[in-house]
2 protein chains.
Amino acid sequence: MSRRSGVLEFAVLGLLRESPMHGYELRKRLNTSLGVFRAFSYGSLYPCLKTLVQRGWLTEEHEPARPPQQSERLERDALTGSLTGRRAKIVYRLTASGREHFEELLSQTGPDAWEDEHFGVRFAFFGQTSREVRMRVLEGRRSRLEERLAKMRASLARTRERLDDYTLELQRHGMESVEREVRWLTELIESERTGRDREAGTDSGPPPRRFGDAGTRPRHRGAAPPDPSEDTA
Amino acid sequence: MSRRSGVLEFAVLGLLRESPMHGYELRKRLNTSLGVFRAFSYGSLYPCLKTLVQRGWLTEEHEPARPPQQSERLERDALTGSLTGRRAKIVYRLTASGREHFEELLSQTGPDAWEDEHFGVRFAFFGQTSREVRMRVLEGRRSRLEERLAKMRASLARTRERLDDYTLELQRHGMESVEREVRWLTELIESERTGRDREAGTDSGPPPRRFGDAGTRPRHRGAAPPDPSEDTA
DNA sequence: TTCGTCATGTAATGGGTTACATGATTAC
DNA sequence: GTAATCATGTAACCCATTACATGACGAA
């Protein structure tokens, strides 16, 4: 009933900070831009939007369904090419206090930033996060994973004999995944450290949009054939 | 109120099939043997056990708290070294119909076997699963992941320009993880195919305990220093 | 005697999904 | 005209967690 989600709330605020949107579009962005990890349904999104409005972090703008009329249509098509005025219903916009709240969330470190459920979404908004916070979050997550690795290794050492090959293989693959993420984090941390050029190093403002050696990283195969599929993966 | 979980239920039946246990021990096994992926709390385990009893798949044996008495203690310590009679309270045991039910679950293929939430636990009990089913599950999961990869690539091709470097890096890492799991599955499928020696290929019975080249796979570093830590990772 | 672990449970809450209901607009 | 997609929402449920309550045992 209360809808004070955490991840969803954070992501909604973050996306709306970039630009106002209506619910449907918001959901698509949620499930593509950020969506490798989580997929949200309307059943959670719309109620969440409502409570965010109630708290004064968002405003609703009811854009009347606007039937396609005389010259207006031509104007719209000619000027915007597409999207802008299509047929939207309720546009949500971040308020000043909403922005303030989001910035406070952004600045928080601690377990709530690097546990499994939160880390992904925090990383997704690193572009709007100060370098100090980014560092703390990356390092926090890494040490969390290293801790987990230690326990896995200890547990494996204790139980190895009792386990059959499949269970063992599952364990091994799981550990390898965690080790891989640790290496990834280490690279990212290195990038952050190296990348201390530009502005002396305060907090927010128009944040730096590029980090470390991002450009030199292998960018993966060239674009798959155009596929009209959308929505959840 | 109803506790008909799926994953938890499956795991409990599977563990109890190997040997009877009480709840506390069950939970530890859940969170180590199978626990890279999920950790369950007592709040879910105990109610689950109750409903499994109600459905006739489990029996409860109330083992009286048994205060340490005269010779019995010595006997126990001498014979079992530890564990066996320590202080257990309620031992759960799989019934015949419970075993039957579990075997039916084991034989099921379809999305419910290879989606994210279920695949791990299904794999963990591959030691008790027939080769045909193992193959279907592995192949099902692989094609599911390939499907997902296709969507990710398409979506990336559509949105690449609009995304900042961190979002892009997150996307890239996510795709790499999926690709890695696909390669892992491919290796496993190869192992399964190659490993058609031994018994002609019926169904269950005392199931084959080894698969493919499991022995030759790099088994990862040698045992971490003994660590008394337990419980959830 | 106090702390850690073993051991079992319940009530409240959380954070989400599914299925449903509704309807406008666009593309074929 | 009909199918797909855009668009918004609600109610019922699901699966789990957290916090709490309770208590015995072993070791320092």
Side-chain angles (χ1 to χ4, degrees), chain A residues 1-12 21-28 30-31 37-51 53 60 62-69 73 76-77 82-83 85-92 115-118 121 228-232, chain B residues 1-12 21-28 30-31 37-51 53 60 62-69 73 76-77 82-83 85-92 115-118 121 228-232:
Chain A
M1 293 306 192
S2 59
R3 304 301 158 197
R4 30 173 2 302
S5 154
V7 174
L8 180 52
E9 184 182 305
F10 186 92
V12 165
M21 264 178 283
H22 55 270
Y24 191 87
E25 195 183 347
L26 207 40
R27 184 196 177 241
K28 278 208 309 194
L30 239 37
N31 295 201
F37 304 95
R38 313 195 58 155
F40 293 99
S41 62
Y42 300 123
S44 17
L45 176 58
Y46 285 117
C48 173
L49 285 169
K50 289 248 168 101
T51 72
V53 169
E60 281 180 341
H62 290 258
E63 186 172 309
R66 194 162 63 75
Q69 278 161 340
R73 177 111 191 243
R76 189 242 297 164
D77 288 351
S82 64
L83 43 97
R86 283 184 70 139
R87 188 182 34 126
K89 290 280 180 64
I90 303 179
V91 175
Y92 293 91
E115 286 302 316
D116 292 336
E117 330 84 78
H118 302 83
V121 92
S229 75
E230 204 81 354
D231 226 29
T232 305
Chain B
M1 298 302 192
S2 60
R3 304 299 160 197
R4 31 175 357 305
S5 153
V7 175
L8 180 53
E9 183 182 306
F10 187 93
V12 165
M21 263 177 284
H22 55 270
Y24 191 88
E25 195 183 348
L26 209 40
R27 185 195 176 241
K28 277 207 310 193
L30 238 39
N31 294 201
F37 304 94
R38 311 195 59 154
F40 293 99
S41 61
Y42 300 123
S44 16
L45 177 58
Y46 285 117
C48 173
L49 285 168
K50 290 248 167 99
T51 73
V53 169
E60 281 179 340
H62 290 257
E63 186 172 308
R66 194 162 63 76
Q69 280 160 338
R73 177 113 191 243
R76 189 242 297 163
D77 288 351
S82 64
L83 44 97
R86 283 185 71 138
R87 189 180 37 121
K89 290 281 179 64
I90 303 180
V91 175
Y92 293 91
E115 286 302 316
D116 292 336
E117 329 84 78
H118 302 83
V121 92
S229 75
E230 205 80 355
D231 227 29
T232 305

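Residue numbers start from 1 in every chain, and the chains themselves are labelled A, B, ... in the order their sequence lines are given, proteins ahead of strands. Given the structure is predicted, the values throughout are model-derived calculations rather than measurements.
- Using a 4.0 Å heavy-atom cutoff across all strands shown, B:Y92 reaches sugar-phosphate atoms only and no base atom.
- B:K50 has no side-chain polar atom (N or O) that falls below the 4.0 Å cut-off from OP1 or OP2 of C:dT8.
- Of the side-chain N and O atoms in B:Y42, none sit less than 4.0 angstrom from OP1 or OP2 of C:dG9.
- Atoms CG (A:L45) and P (C:dT18) sit 15 Å apart, rounded to a whole Å.
- One interatomic measurement links the two molecules: CE of A:M21 to C1' of D:dA7, which rounds to 15 Å at whole-angstrom precision.
- Listed by chain and number, the residues in a side chain to side chain contact (heavy atoms under 4.5 Å, CB included) with A:Y46 are A:Y24, A:Y42, A:L49 (sequence neighbours excluded).
- Rounded to the nearest 0.5 angstrom, B:Y92 OH and B:E60 CD are separated by 4.0 Å.
- Going from atom CD of B:E9 over to atom P of D:dA16 covers 10 Å, rounded to whole Å.
- Rounded to whole Å, the distance from OH on B:Y46 to P on D:dA16 is 17 Å.
- For the pair B:F10 CZ and D:dC15 P, the computed distance is 15 Å after rounding to whole Å.
- Atoms CG (A:L26) and C1' (D:dT8) sit 13 Å apart, rounded to a whole Å.
- Counting only heavy atoms from C-beta on, A:S41 has its side chain closest to C:dT18 among C:dT18, D:dA7, C:dT8.
- Annotation for A:S41 and A:R27: closest pair CA-NE, 3.8 Å, computed over non-hydrogen atoms.
- In this structure, the helix from C:dT1-D:dA28 to C:dC28-D:dG1 shows an angle of 30° between the axis at its start and the axis at its end, each fitted on 5 base pairs and rounded to 10°.
- Residues that satisfy the salt bridge (Lys or Arg N to Asp or Glu O under 4.0 Å) test with A:E117, not counting sequence neighbours, are absent from this structure.
- Residue B:K28 has a polar side-chain atom (N or O) positioned under 4.0 Å from OP1 or OP2 of C:dC6.
- A distance of 4.5 Å separates CZ in B:F40 from CG in B:L8, rounded to the nearest 0.5 Å.
- One interatomic measurement links the two molecules: NZ of A:K89 to P of D:dT5, which rounds to 18 Å at whole-angstrom precision.
- Close to C:dT17, at under 4.0 Å from its OP1 or OP2, lies a side-chain N or O of A:S44.
- In terms of heavy-atom proximity, A:A11 sits nearest to A:V121 at CB-CG2, 3.8 Å.
- Following rounding to the nearest Å, A:H62 (NE2) and D:dG9 (C1') show an atom-to-atom distance of 12 Å.
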